[in-house]
Student: 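My questions all concern the structure below.
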Protein chains: 2
Amino acid sequence: MIPEKILKQYEAFRISFRKDVMIFLEGEQALHYFQLEAGSIKMITRSDEGQEFIQGISYAGESFGEPPLLCNFPYPSTAYAMVDTTIWKLRKEKFFDLIKDHFEIHLKLDQVLCERLRYKSKILTSIAFDDPENRVWWLINYLKNKSGHQSGKFAVPLTRQQIADMVGMRVETVIRTVKKLEDSGKVRLVNHKILV
Amino acid sequence: MIPEKILKQYEAFRISFRKDVMIFLEGEQALHYFQLEAGSIKMITRSDEGQEFIQGISYAGESFGEPPLLCNFPYPSTAYAMVDTTIWKLRKEKFFDLIKDHFEIHLKLDQVLCERLRYKSKILTSIAFDDPENRVWWLINYLKNKSGHQSGKFAVPLTRQQIADMVGMRVETVIRTVKKLEDSGKVRLVNHKILV
DNA sequence: CAGGTCTTATGATTCAGATCATACAGAACG
DNA sequence: CGTTCTGTATGATCTGAATCATAAGACCTG
């Protein structure tokens, strides 16, 4: 989102995380701006029973964790590396300097927050009212569109468990639902991969 | 959020809406910044069966509908006046001039978006995993805290149907859940009013 | 390449929130 | 102030996703 050249101008530095390593913990105070250089991360909240909800996934070039930075509240979720991941890290003060100096980047940040609000509005309504097939189908299409996939078959890059954690359902229900989507011709399953 | 003096400097004007009148429709293009002077509005999404989900409620002094303005996507929800309402309306171009000129107001706008993200993260997790009692109880406390209520009993200013529309449940379930909260001493019911 | 781990798949059972129907109470309007 | 409308309440029934158990397949690691 923010070009590397500018990140370096404001003294951002790079950090690497192995797969499944925690980047920050729910409840911690935000001290840095984070942007992925490579890999992917997921933002997790947990229910009292320990069930995980995936609030969102971010990929290379995308930022994450800004709301607690801008609003001074603790992290509402925990961030984990989904694969080996490299992240740009920028101190809070420098970050505010950067967006004060660059109105266009500030606007892009706004747009990132707005797209997240848009996604959450949609997934909220879906979880509250849609049947499992529509919930899963909507998410699959969302992932396809977000990846910028153009031609040929798109292989959904998530496990059934991860899909379940994003639509608030049990993995068994997602497995049966994906089967139904196959039966109705909406997706194809090849070696357990979901293709659209 | 934005002081009236500044709104006027950028040629904002006032518009009134009667209770239940629509302010903008889902799918429309955003052309103005909106801020409430008096009254309240609710943002609604609907399922295919017409069930309403209340994405959020805004009160006097608060803004609404910014994401489509900043991101150039259509309104994802429809806004209605919940009571007779007066709104400041500012043309898009003037709005961008305003936030470019006032970094502090731009930051406040960011914080508004961040608080909405925070709420949606929480309600998402709740709807996905919490039982009805915890869902309703969380919402009641959220409304109390958001209203800035200090001493004495807080009367929840929403109908059971509106609560149901915010937590994605049926009104019958909310009615029975509120009864359970009374039975466990968490709330008091006086003339059908919910007091905490 | 084999063994172990994780993911996917399937079947049977349960139960809580949705659904439907009906009645009561408070608010609004003329 | 009476009537109508909206909101609240209650009871009975239904159903589909969750839950639990078990097995098969793909992937990862040494």
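Throughout, protein chains are lettered first and strands after them, A, B, ... in sequence-line order, and every chain is numbered starting at 1. Note: hydrogens, waters and symmetry copies are ignored here, and every other heavy atom, side chains too, is used.
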Student: For DNA chain D, what residues of residues 128-142 of chain B have any heavy atom nearer than 4.0 Å?
Tutor: none
Student: In whole Å, I'd like the distance from the CD atom of Gln161(B) to the P atom of dA9(D).
Tutor: 13 Å
Student: Do Arg176(A) and dG16(D) share a donor-acceptor pair, side chain to base, under 3.5 Å?
Tutor: no
Student: Please determine if Lys19(B) and Asp84(B) form a salt bridge, counting it only when a charged side-chain N lies under 4.0 Å from a carboxylate O.
Tutor: no
Student: Can you name the one residue among Leu109(A), Ile6(A), Asp97(A) that meets side chain to side chain contact (heavy atoms under 4.5 Å, CB included) with His102(A)?
Tutor: Ile6(A)
Student: Looking at Lys108(B), I want to see if its NZ is surrounded by more than 12 non-hydrogen atoms of other residues, nucleotides or ligands under 6.0 Å.
Tutor: no
Student: Check whether the side chain of Glu172(A) and the base of dC20(D) form a donor-acceptor pair under 3.5 Å.
Tutor: yes
Student: Rounding to a whole Å, what distance do you find between Leu181(B):CG and dA9(D):P?
Tutor: 12 Å
Student: Are any of the side-chain heavy atoms of Leu195(A) and Val187(A) separated by less than 4.5 Å?
Tutor: no
Student: Tell me the interatomic distance from Arg160(B), atom CZ, to dG26(C), atom C1', rounded to whole angstroms.
Tutor: 11 Å
Student: Rounded to the Å, how far apart are Met169(A) CE and dT8(C) P?
Tutor: 14 Å
Student: Any salt bridge between Glu62(A) and Lys146(A), counting N to O under 4.0 Å?
Tutor: yes
Student: Given atom NZ of Lys180(A) and atom P of dT10(C), what is their separation to the nearest angstrom?
Tutor: 13 Å
Student: Relative to the 5' end of DNA chain D, which residue comes earlier, His192(A) or Gly168(A), by the nucleotide with the nearest heavy atom?
Tutor: Gly168(A)
Student: From the options dT8(C), dC20(C), dG17(C), select the nucleotide whose nearest atom is closest to the side chain of Thr173(B).
Tutor: dG17(C)
Student: Can you sort out the partners of Gln29(B) under side-chain hydrogen bond (donor to acceptor under 3.5 Å, both in side chains), two or more places apart, ordered by chain and number?
Tutor: none
Student: Between dT8(C) atom P and Leu195(A) atom CG, what is the distance in whole Å?
Tutor: 14 Å
Student: Find the distance Leu158(B):CG to dA27(C):C1' and express it as a whole number of Å.
Tutor: 17 Å
Student: Measure from CG on Leu189(A) to P on dA26(D) and round the result to the nearest Å.
Tutor: 12 Å
Student: For Lys122(B), does the NZ atom sit with more than 12 other heavy atoms under 6.0 Å from it, leaving out its own atoms?
Tutor: no
Student: Can you identify which nucleotide, out of dA9(C), dG26(C), dA9(D), has its nearest atom closest to the Ile175(B) side chain?
Tutor: dA9(D)
